[in-house]
Amino acid sequence: MIFRKILVNSAEAIVENKLRSALTMLGMIIGVMAVILLVSVGTGAKRYITSEFESLGTNVILVQPGKTDKKNSMGPPVASSKGKLTIADVEALQKNAQSLAAVSGVMFGAGVVKNDLATNNINILGSNDQFNRIFNMTIIEGNYFSKEDEESGRRVAVLGHTIKENLFGSSNALGKLVKINESEHRVIGIIKPTGDKLGFNVDDMVFIPTKSSLRLFNTDKLFGIRASAKSRSGIDDAVAELTAVLKERHNGEEDFTIITQVTMVESMNTILNMLTYALGAIAFISMLVGGIGIMNIMLVSVTERTREIGIRRAVGARRSDILKQFMIEAVVISVSGGLLGIFISMAITYTLYFFLPGFDMRPPFWILPPSFFLSFFTGVIFGVWPARKAAHIQTIDALRYE
Amino acid sequence: MALIELKNIHKHFLMGEENIHALNSINISINEGELTSIVGTSGSGKSTLMNIIGLLDLPSEGQYFLDGKNTTEMSDDDLSKYRNQKIGFVFQSFNLLPKSSALKNVEMPMQYASAYNKNLTDSMIRKMSLETLDKVGLSSRVHHLPNELSGGQRQRVAIARALVNNPKILLADEPTGALDSKTSEEILTLFHELNSQGVTVIIVTHDNKIAHRCRRVLSMSDGIMQDLDGIKI
Ligand SMILES: Nc1ncnc2c1ncn2[C@@H]1O[C@H](COP(=O)(O)OP(=O)(O)OP(=O)(O)O)[C@@H](O)[C@H]1O
Ligand SMILES: [Mg+2]
């Protein structure tokens, strides 16, 4: 019998067993949806995080104390006790590294800020007068620290917007005193509401000069150094120069780690690709389950239709005709399930995107052909065995089958 | 040469320890155009023999020549082709596809025949199937499902299905076993008509009346065949 006729026969058989076909298809629909949606989540997360990093500014350079083996690390390097960055390092960079536009040591810690009216738990960030230029922070009232503030370690503070609101409400805060970890600081500036930047909410932070923060935390060891290259294209030179200056100061040892936006995005991508693959693997398993569902139903179908097979063989169907019939049936079920799965996941993600534009989980188009072929091959692979079984039933046994 | 030639045909069934000898050295030859009946007690091997003649089953031993070809040496595909092109089989229990209409059931053998005759178009298949249904007197029931038809009508659909590819041989294993005597009579008349048109007909039956109406009667007992040619029973 020619292919088209078998196709029509298969379609008829599927329609004749509506419920069973629908349930089998469901397995395939869910499998394909899992593939598409999970890959979409993966790529969506990647897109989001990458754009987040890019918003940081492309010429930012981060220096962390300690050296981590780059090849083995997947995330941002973790500081080790070995290696120490100090204010002297920062000053040397400011003096000698010509390719850097701005350099600041940073100190970071938890603390409490209070005045007569309120008490807030906060993150304290120690930085110098150049820090706001590195991260493009906009001051809406007053000023960021001056060089004198930094050099003499004055007890002055710049407040994130939420902190200012909490402590002073709408009244003027400039020139007022606040207690940071029991030490009085004078407010000299307020930062424009910014939201998250590199995982911290700038609005919930209090900025003080590096020297003041080292005194506050009673240490001489910086949390790290932040710098910016003069230009985007000069970032490699800046990194080289920065490395050379610091190495010379550290007895030729490279006991620090440099992170740029490029390395950050790269290492984040590694993680996110892993995530995408992991999700893909989960999706693959659900595809497998869908395939086994098809095989299961096809085996039941073959048994149920043993007599039909006998009748068809008796009037002249060849083994290959029976094989084709059941193969095509499995593939038609899996492919229609696959197409429905593609359609439903597109509908879901596009509807979500339409109502919540921030929630972009639209599947990348490259995933569509593979999901289609995956459903096709699942049908082929899991249809073969039942179909072969059907083709090899002896005619007379099939006719006798009750 | 005879159309059907069985030489020393044996058939054993192994049931656990027991070896059932269902056919024991059957030798017959049936010429083209004959109308033959096979009679015998229940369990004597009539159906087993018919299944072998109809190429639904293979003998354990012996040779079966059909239209001059040794079927015991044929490939499975060739056997399928012979079933499709040369033989029409009518079963006691009709064996129609329950979810397909009378027309679809009759069209089925022709669809498999299109593998051998590329000129068979869908419309030709439809036309010839309708003609065959008309020939068995069912032109008003073509779109009915088997369970919407009476027993006699179902058997007519089955006969139409057996005839649609114009086979040389029509095999019927107790075709009227499930039918009343009037309907049986009609079916039998149909077989006679077909025979007079040149189709070789073999009917298995318990009914002596039917056997009497056939020119040749073969009697089975315990797997052994006796040719009652000319002998009145
Ligand atoms: N598939 C089988 N497995 C085992 N034994 C079988 C099989 N088919 C037939 N037999 C045995 O072969 C013998 C002949 O059976 P067969 O069906 O040919 O009888 P029959 O003459 O058609 O009987 P009936 O008139 O009741 O239809 C019986 O003893 C039966 O039990
Ligand atoms: Mg019988």
Side-chain angles (χ1 to χ4, degrees), chain A residues 1-22 297 300-329 332 387-402, chain B residues 11 13 47-48 50-52 54-58 75-101 104-118 120-122 125 145-146 158 160-165 167 171 173:
Chain A
M1 214 186 329
I2 59 170
F3 185 79
R4 190 177 52 81
K5 282 178 188 156
I6 304 182
L7 199 66
V8 172
N9 276 356
S10 307
E12 279 171 2
I14 290 167
V15 174
E16 277 163 12
N17 298 293
K18 282 181 208 70
L19 183 65
R20 195 171 66 192
S21 313
I297 296 288
V300 171
S301 173
V302 168
T303 309
E304 240 176 41
R305 288 156 67 189
T306 302
R307 211 178 170 97
E308 174 190 330
I309 295 165
I311 295 170
R312 288 183 181 277
R313 294 278 279 140
V315 302
R318 290 164 298 184
R319 286 208 169 115
S320 55
D321 293 321
I322 303 293
L323 183 88
K324 276 183 216 151
Q325 181 186 340
F326 281 90
M327 279 298 290
I328 289 175
E329 222 172 292
V332 167
R388 280 182 58 90
K389 210 179 148 206
H392 282 88
I393 299 176
Q394 292 299 322
T395 309
I396 189 67
D397 297 335
L399 281 170
R400 270 178 211 277
Y401 187 84
E402 295 298 330
Chain B
K11 182 74 184 179
F13 293 106
S47 296
T48 308
M50 282 295 262
N51 292 337
I52 287 173
L55 300 178
L56 300 174
D57 205 357
L58 293 170
S75 69
D76 193 77
D77 276 3
D78 285 339
L79 292 175
S80 297
K81 181 176 177 179
Y82 265 58
R83 281 198 296 271
N84 184 252
Q85 302 279 295
K86 300 209 187 267
I87 299 169
F89 210 112
V90 178
F91 303 89
Q92 178 175 359
S93 52
F94 319 133
N95 273 338
L96 298 173
L97 296 185
K99 287 171 180 167
S100 302
S101 68
K104 282 253 150 64
N105 268 287
V106 175
E107 281 180 346
M108 184 174 56
M110 286 200 90
Q111 287 182 335
Y112 291 112
S114 64
Y116 314 112
N117 180 0
K118 304 286 179 210
L120 268 184
T121 61
D122 281 1
I125 291 176
L145 291 178
R161 182 182 64 191
L163 293 176
V164 75
N165 277 339
L171 303 174
D173 189 355

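Basis for what follows: all heavy atoms, side chains included, without hydrogens, waters or symmetry-related copies.
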Heavy-atom side-chain contact between [X] and [Y] under 4.5 Å:
X	Y	result
B/Gln111	A/Asp321	no
B/Arg161	A/Ile311	yes
A/Arg312	B/Leu97	yes

Chain A interface, residue from B/Asn51, B/Leu79, B/Asn95 that has the most non-hydrogen pairs under 4.5 Å
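Highest number of heavy-atom pairs under 4.5 Å: B/Asn95.
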
If you draw a 6.0 Å radius around NZ in B/Lys11, do more than 12 non-hydrogen atoms from other residues or ligands fall strictly inside?
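Result for NZ/B/Lys11: enclosed.
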
How long is the straight-line distance from CD of A/Gln394 back to CG of B/Asp57, given to the nearest 0.5 Å?
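If we round to the nearest 0.5 Å, B/Asp57:CG and A/Gln394:CD are 8.0 Å apart.
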
Give the minimum heavy-atom separation between B/Asn84 and A/Gly316, together with the two atoms involved.
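Distance-wise, the nearest heavy atoms are CB-CA, 3.6 Å.
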
Check A/Ala317 against B/Ser80 and note the closest heavy-atom contact, atom names and distance.
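Smallest heavy-atom distance, with atoms named: O-OG, 3.3 Å.
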
Go through the atoms of A/Arg307 and report whether side chain, backbone, both or neither lie under 4.5 Å from a heavy atom of chain B.
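Contact with chain B: side chain only.
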
Carboxylate-amine/guanidinium proximity below 4.0 Å for B/Lys99 and A/Glu308:
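Salt bridge: no.
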
Quick one: what part of [X] sits under 4.5 Å from any heavy atom of chain A, side chain, backbone, both or neither?
X	value
B/Leu96	backbone
B/Ile125	side chain
B/Leu120	backbone

Scan for salt bridge (charged side-chain N to carboxylate O under 4.0 Å, His left out) pairs involving residues 82-95 of chain B, sequence neighbours excluded, and state none if there are none.
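Passing the test, one end in residues 82-95 of chain B: B/Asp67-B/Lys86.
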
Can you list the residues of residues 395-402 of chain A that sit under 4.5 Å from chain B, counting heavy atoms only?
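Hits under 4.5 Å: A/Thr395, A/Ile396, A/Leu399, A/Arg400.
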
Run the numbers on A/Arg313 and B/Asp76 for side chain to side chain contact (heavy atoms under 4.5 Å, CB included), then give the verdict.
CA-CA 10 Å; A/Arg313 294 278 279 140; B/Asp76 193 77; 2.9 Å; yes

